[in-house]
Every structure is written in structure tokens, then in C-alpha cells.
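Taking it in order: structure first as C-alpha cells, then the write-up.
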Amino acid sequence: MPELPEVETTRRGLERHLEGQRIARITVRDRRLRLPVPRRLPSLLGGATIKALTRRGKYLLIDCGAGTLIIHLGMSGRLWLPDPATPPEKHDHFDLLLANGTVVRLRDPRRFGLVVWQRGDPLRHRLLAHIGPEPLSAQFDGTVLHRATRNRSAAIKQVLMDSRVVAGVGNIYANEALHRAGIHPGLEARRLTLARCGILVEKIRETLNAAITAGGSSLRDYVGSDGMAGNFQSEFLVYDRAGKPCVTCGAPLRGIRQGQRSTFYCPKCQKR
DNA sequence: CGCCAGGCCTGCACGC
DNA sequence: TGCGTGCAGGCCTGGC
């Protein structure tokens, strides 16, 4: 499911319901996620008060003071507030019950997501420690991208999806941003000029911001934390549109494979 | 049945 | 020898 915009949409939807609330109970129904959900979670979290809900890349961080609950939604995860009377379903692996009765529920059929605990600074966790700059922050600009790509012979699209280069850009938004920037996804990353790096950064931001504004993209089962589906998928210019006309020039869009992932691009608008 | 799917970690091979 | 890099495989379920 989720790339940065979907995770950010989830964060924004949950934030005001979580912050300042005390955690009354934890229910773990299946701890077999990408990493096992720690057994000691209930004792670590019970009675803790949530200080903030933040995001780093595609990770959600629930700051509980003494430590942080780190949640990743993987490919198929969703975190939302069900009606507390709604019984959990088959893939509802994890619930937080807040003292005011609110239930925060994690559903993840494929179990590529995770829930872990980090004492102290969550950014020191090994999963977060080497993540690159946030794409919507001032830490990420054309110069930074240019430097990060200098010795990379891999295709720019694959390098964009490398979380050490920039956080949170997944398959959909790598495709979309490259189209908007007029850059061929197969271009060797180190061949990008500084000027084009600047344009690409701008287009990555533009794409992510537009997606966040639309409430994320709803493919298959994804819906936001309020139960509302995002609708950025209706604004996709290239993703999953192989053979359809380019919105800009009308040429048929191409679908190829890069590193076992689907790539879509316009052979006319996107230059090497 | 086989293939595909929004992620991302691991281990191996390779070149400098 | 060591490091960075590139690539394939694996983790899962569900839908077509």
C-alpha cells in the first residue's frame, strides 16, 4: 500500500486522536510481522502517554516519552481507528486501546509491516539510522541529490527508491516524479546534471505534496485513517498506464521492468 | 495454475 | 583485504 503520502495521510488523520492520550491496553493477535512484535510491548507501553505522532520516511513514530513505538505498513498495512465495537478481522494483528476508548488498529494481510520499540532516540534504531533526507525538507535539494548520485551507475529510478538517497519515495511516486521531470527512468544516475537534479527534486516534492493533498492513493484495499479513500490514483500520469496515451504528448506510454519492479514512462517526453 | 502487487532487508558476486 | 555497489531472493496473502 503505502508510500510517503499514504503514511503522511495516516499520520495526519490519527495525530489529534492520539496525542496526549494514555495507552490503556495493547492487544497483539499475531506477532509474526517482518520483525516479531516484541513480547514485552504491553509492559513497556501500558500506562504510557502518547507525546507525539511523527513520521520518518515511511515509518510512523509514536513517541511515548521513555521510548517510541515504530510502525511500518509494508506493502499491505493500514492503521486506522475502527469503531470500538467492530470486532477484529483475520489480518488485524495489533490494537492499541486508549484510555478514552479509542482503538488504533493495524491490519496487514501480507505481514511485511512491523511494530517495534526503541528506547530513547528512535532515529538511532538500525532501521532508521541510515535513511536519507526527507524529500519535503530543506535537507533535500538538487545539490544533495547530485552528490548522492555521482558514483551510481544504476538507473535513476532505482536510485530514487534507495532509502539512503532520499526517504519515502516508492515505486509509484518514483515513476510519477520522473515523468513530471522529463527524465527517462533508465538513465544512469551519475549522468544526471546538477540542473536536472534540481528539477527532479522539485518534481518529487510537487508529486508528493499533490498526493498528500489528495489524501494519498487508494489501490486495492488502502483507505486512510478516517476510512476515506485517497484519490491521487486518478491523477497518475504514468503509473499502471502502459499503452495509454501520454497526457502531455499523446504517445503511448511504456511499461518495463527495472530491478523486479514495474516502471512506466513516456518514451517521447522523458529523455536520457 | 502462474503471475502480479504500493517495501525493504539480506546475502552474494563483482570491480576498484 | 575491504569497501561500495548491483542484483536476486525472500518474506507473505490475495486477486486476476
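In what follows, every chain begins at residue 1, and chains take the letters A, B, ... in the order their sequences are listed.
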If the cut-off is 4.0 Å, is A:R111 near the phosphate of C:dT13, judged by side-chain N/O to OP1 or OP2? yes
Apply the test side chain to side chain contact (heavy atoms under 4.5 Å, CB included) to residues A:R107 and A:W80: give CA-CA distance (whole Å), side-chain angles for both, the deciding distance (0.1 Å), then the verdict. CA-CA 9 Å; A:R107 175 176 299 175; A:W80 85 111; 3.6 Å; yes
Report which part of the nucleic acid A:R190 touches: base, sugar-phosphate, or nothing (heavy-atom distance under 4.0 Å, all strands). nothing
When you check the gap from the basic side-chain N to the acidic O, do A:R191 and A:E188 get nearer than 4.0 Å? no
With a cut-off of less than 4.0 Å, is there a side-chain N or O of A:R164 near OP1 or OP2 of B:dC9? no
What is the distance, to the nearest angstrom, from the CZ atom on A:R78 to the P atom on B:dG7? 19 Å
Separation of A:L33 atom CG from C:dG10 atom P, in whole Å? 21 Å
Quick check: are there more than 12 heavy atoms from other residues, nucleotides or ligands sitting under 6.0 Å from CZ of A:R150? yes
Under a 4.5 Å cut-off applied to non-hydrogen side-chain atoms, are A:R25 and A:L98 in contact? no
Are the ring of A:F112 and the six-membered base ring of C:dC11 within the stacking cut-offs of under 5.5 Å and under 30°? yes
Identify, residue by residue, the members of residues 143-161 of chain A with a heavy atom below 4.0 Å from DNA chain C, and return them in order of residue number, or none. A:N151, A:R152, A:S153, A:A154
Between A:Y239 and A:S217, is the side chain to side chain donor-acceptor pair (under 3.5 Å) condition met? List the steps. CA-CA 11 Å; A:Y239 184 78; A:S217 302; over 6 Å; no
Can you find a side chain N or O atom of A:H72 that sits less than 4.0 Å from OP1 or OP2 on B:dG7? no
Distance below 4.0 Å between A:R261 side-chain N/O and B:dC8 OP1 or OP2: no
What would the secondary structure line of DNA chain B be in dot-bracket form, counting Watson-Crick and G-U wobble pairs under 3.5 Å, with [ ] for pairs that cross earlier ones and | for pairs with another strand? .||||.||||||||||
Salt-bridge present (A:E3, A:K58; N to O < 4.0 Å): no
Classify A:F236 by what it touches in the nucleic acid, base, sugar-phosphate, or nothing, heavy-atom distance under 4.0 Å. nothing
Selection from B:dA5, B:dC9, B:dG7 that lies nearest to any side-chain heavy atom of A:R126: B:dC9
For residues A:L145 and A:F140, report the shortest heavy-atom separation together with the two atoms involved. CB-CE1, 4.1 Å
Return the nearest nucleotide to the side chain of A:Y59; candidates are B:dC8, B:dA5, B:dG7. B:dC8
Salt bridge between A:R205 and A:E202, side-chain N to carboxylate O under 4.0 Å? no
It should be established whether A:R34 places a side-chain nitrogen or oxygen under 4.0 Å from OP1 or OP2 of nucleotide B:dC9. yes
Rounded off to whole Å, could you give me the CG-to-P distance for the A:L114 and B:dC8 pair? 9 Å
Within the pair A:K90 and C:dT13, is there a side-chain N or O less than 4.0 Å away from OP1 or OP2? no
